[in-house]
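Since the structure comes first, as structure tokens, the remarks are kept for the end.
First listed ligand is number 1; within each ligand, the first listed atom is number 1. Sequential numbering from 1 along the given sequence is applied to the chain's residues.
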Amino acid sequence: MDLYKPEKVSVNGETFRIYLTQEEIQQRIREMGSQLSQEFKDKKPIFIGVLNGAYIFLADLMRHVTVPCEVDFLKLSSYGDEKVSSGEVHELKEIDADIKGRHIILVEDIIDTGLSMKYLVEKVKRMSPASVSVVTMLHKAEATQHDVQIDYIGFKIPNLFVLGYGLDFAQEGRNLAQIYILEQK
Ligand code: IMP
Ligand code: MG
């Protein structure tokens, strides 16, 4: 299978270099899947992915979950086409699943300021779930300003813009098989 994984990539006039390789990402996802499989055995959790960014991570993660589970998505937007958060969360698609009494695992591509995840955790908690857990592939710990519980983190990363493996810059770059970081000028 040919995957899109150049050494460097240029999007909208900005250059990005490899930060996490395909092997590193896939290895970590195997570990996370096996941990989730143990902790949610007999709980039939519902994974809820945050569109668009989390779709590739969630698709790979779920294939390493070896216990019964379900999946749903919602769509949030806080970035527009910029490299910094707009500071407002917009809901572009609702959750369809019936969450009441269920174990919910919220899945993000990246937690940056924490605004989106804080909003989402509060929203889901109001829907009377049995439990709410948070999984993120990447965490920009230095950038996080909002108080949000994160239960599973793939990788902690510096406070720089990243791209690839579901993450975009102005909607481009999601199809890269690895994670790239902005090259500083
Ligand atoms: P937060 O609400 O500030 O935590 O931002 C979360 C959302 O912003 C994520 O779900 C991403 O969609 C987007 N985001 C944050 N940092 C990056 C980045 O470095 N690259 C691409 N998207 C990002
Ligand atoms: Mg996102």
I'd like to know whether CG of N159 has more than 12 heavy-atom contacts from other residues, nucleotides or ligands below 6.0 angstrom.
yes
Are E31 and Q27 close enough that a side-chain donor and a side-chain acceptor fall under 3.5 Å?
yes
contact_flag L76 ligand 1 heavy-atom lt 4.0 Å
no
contact_flag G53 ligand 1 heavy-atom lt 4.0 Å:
no
Would you kindly say whether Y19 and E24 are connected by a side-chain donor-acceptor distance under 3.5 Å?
no
Out of all atoms in ligand 1, which are within 4.0 Å of some heavy atom of D168? Include the element for each.
21 (C)
Looking at side-chain heavy atoms only, is the closest gap between I105 and C69 below 4.5 Å?
no
Under-4.0 Å heavy-atom contact with ligand 1, by part of E108 that carries it
side chain
If we number the atoms of ligand 1 from 1 as shown, the ones under 4.0 Å from a heavy atom of L115 are 2 (O), 4 (O)
Extract all donor-acceptor atom pairs below 3.5 Å that involve side chains of residues 129-137 and protein atoms in other chains or at least two apart in sequence.
{"residue": "S131", "atom": "OG", "partner": "H103", "partner atom": "ND1", "Å": "2.6"}
{"residue": "T136", "atom": "OG1", "partner": "I111", "partner atom": "N", "Å": "3.4"}
{"residue": "T136", "atom": "OG1", "partner": "L138", "partner atom": "O", "Å": "2.9"}

Any V50 heavy atom less than 4.0 Å from ligand 1
no
Can you check whether F161 has an N/O within less than 3.5 Å of an N/O in ligand 1?
no
Could E94 and K75 be called an ion pair, given the rule that one side-chain N must be under 4.0 Å from one carboxylate O?
no
If you compare K118, E88, K140 by their heavy atoms, the one closest to atom 17 (C) of ligand 1 turns out to be K140
Side chain, backbone, both or neither: which applies to L167 and ligand 1 if a contact is any heavy-atom pair less than 4.0 Å apart?
side chain
Provide the number and element of each atom of ligand 1 under 4.0 Å from a heavy atom of S116.
1 (P), 2 (O), 5 (O), 6 (C)
Given that the side chain starts at C-beta and the backbone is N, CA, C, O, which of these parts of D109 lies under 4.0 Å from ligand 1, counting heavy atoms, or is it both or neither?
side chain
N/O donor-acceptor pairs under 3.5 Å from side chains in residues 61-68, not counting sequence neighbours:
{"residue": "R63", "atom": "NE", "partner": "A59", "partner atom": "O", "Å": "2.9"}
{"residue": "R63", "atom": "NH2", "partner": "D60", "partner atom": "OD1", "Å": "2.8"}
{"residue": "T66", "atom": "OG1", "partner": "S37", "partner atom": "OG", "Å": "3.4"}

Would you say the rings of Y165 and F57 are close, in the sense that their centroids are separated by under 6.0 Å?
no
